Amino acid sequence: MSIPLQPNGPRMKDYSCANKCTWCDGCGDFGIWTAVKRSLVESGIPPHGVLLCYDVGCHGNASDKLLGYRFHGLHGRVLPFAAGAKLANPTLPIMTFGGDGASFSEGIGHLVHAVRSNYPIVFVLHNNANYGLTLGQASSLTWQNQKMNSSPNGIPEHTLPSMDFLFSLEPTFVARTFSGDIPQMTEVLKAALKHRGFAFVDILQACPTWNHFATHDYFLEHCYDANKEGHDSSDFKKARQIAVDTSKRISTGILYQREDLPDFYERLVPRQGRKTTPVEEVEITDVSEYMKMFI
Ligand code: SF4
């Protein structure tokens, strides 16, 4: 359910910019891009009050299609940057975006440590089960027996069980939603923005150009809202079970959440009791005398 917008709060148009989206017709990125802006607006966060960190991929092309402070990083490396920014300024909400290719291959180490550190940031997985930007190669999340440009006979490896893996790391927030359901994505992202710790949001994304198995219609037919069916998101065992078992239906919504654990920043002993943030403590030092040594 959407909350009424504040009369003097941010508006969707505040996030608009003149750059045109270049995604393919029917791409799930359009829906996610809209839900991200909607979640920020409905959370009362203006463009100057958030940092949006993008990895490389088709989704990363959103980085100059909306306003706000934005960072566009290297493939698979967006999480360390986002974590560092949050540690420097813990008052700033941070949303981070990565694809399944980067996040579950070269970036997987960063994901592991972001979860176990419980960094207080939102991570949005654009999960289209392939490397869309580089013309449809299989990723580690490509489904079994599906032909992709790099694997015309299907992938020889098994598909990485991403949700089971994620739950093995003892996360504090796991949600799943689908790129065709803007109202649900908006609500999930708003909850993720409020979460105390690392919020992992898996968005099943339609990629009509390269992914012909997990289509918009497939998700419409198979996804159900677990929260509306009475799922208790504090039940870790049940959450893991419904997250992993997608054989008949795909659970969506907030699958698991706990907020009794402190986030990374709260655990840092040197920061405890401080009234200022690290960015406020930066001292301007005149280095001109040192520079003379190199002249
Ligand atoms: Fe979207 Fe796929 Fe086109 Fe990339 S290749 S813009 S993910 S439809």
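Only a predicted model underlies this, so the values are computations on that prediction, with no experimental measurement involved. Just follow the structure's listing: the first ligand is 1, and inside any ligand the first atom is 1.
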Student: Looking at R249 and E221, is there a salt bridge between them, counting it only when a charged N and a carboxylate O are closer than 4.0 Å?
Tutor: no
Student: Determine which pairs satisfy ring pair (Phe, Tyr, Trp, His ring centres under 6.0 Å) with at least one residue from residues 139-160, sequence neighbours left out, and list them in order.
Tutor: W143-F213, W143-Y218
Student: Between Y131 and H75, what is the ring plane arrangement, given parallel below 30°, perpendicular above 60°, and tilted in between?
Tutor: tilted
Student: Extract all donor-acceptor atom pairs below 3.5 Å that involve side chains of residues 82-90 and protein atoms in other chains or at least two apart in sequence.
Tutor:
residue: K86; atom: NZ; partner: P90; partner atom: O; Å: 3.2
residue: K86; atom: NZ; partner: L92; partner atom: O; Å: 2.7
residue: N89; atom: OD1; partner: T91; partner atom: N; Å: 3.4
residue: N89; atom: OD1; partner: T91; partner atom: OG1; Å: 2.6

Student: Suppose we screen for ring pair (Phe, Tyr, Trp, His ring centres under 6.0 Å). Which residues come up paired with H216, at least two apart in sequence or across chains?
Tutor: F178
Student: If you count the atoms of ligand 1 from 1 in the order shown, which ones are under 4.0 Å from a heavy atom of W210?
Tutor: 5 (S)
Student: Does K190 come within less than 4.0 Å of E42, counting only side-chain N to carboxylate O?
Tutor: yes
Student: Short of 2.8 Å from atom 1 (Fe) of ligand 1, name each protein N/O/S atom, waters not counted.
Tutor: C27 SG
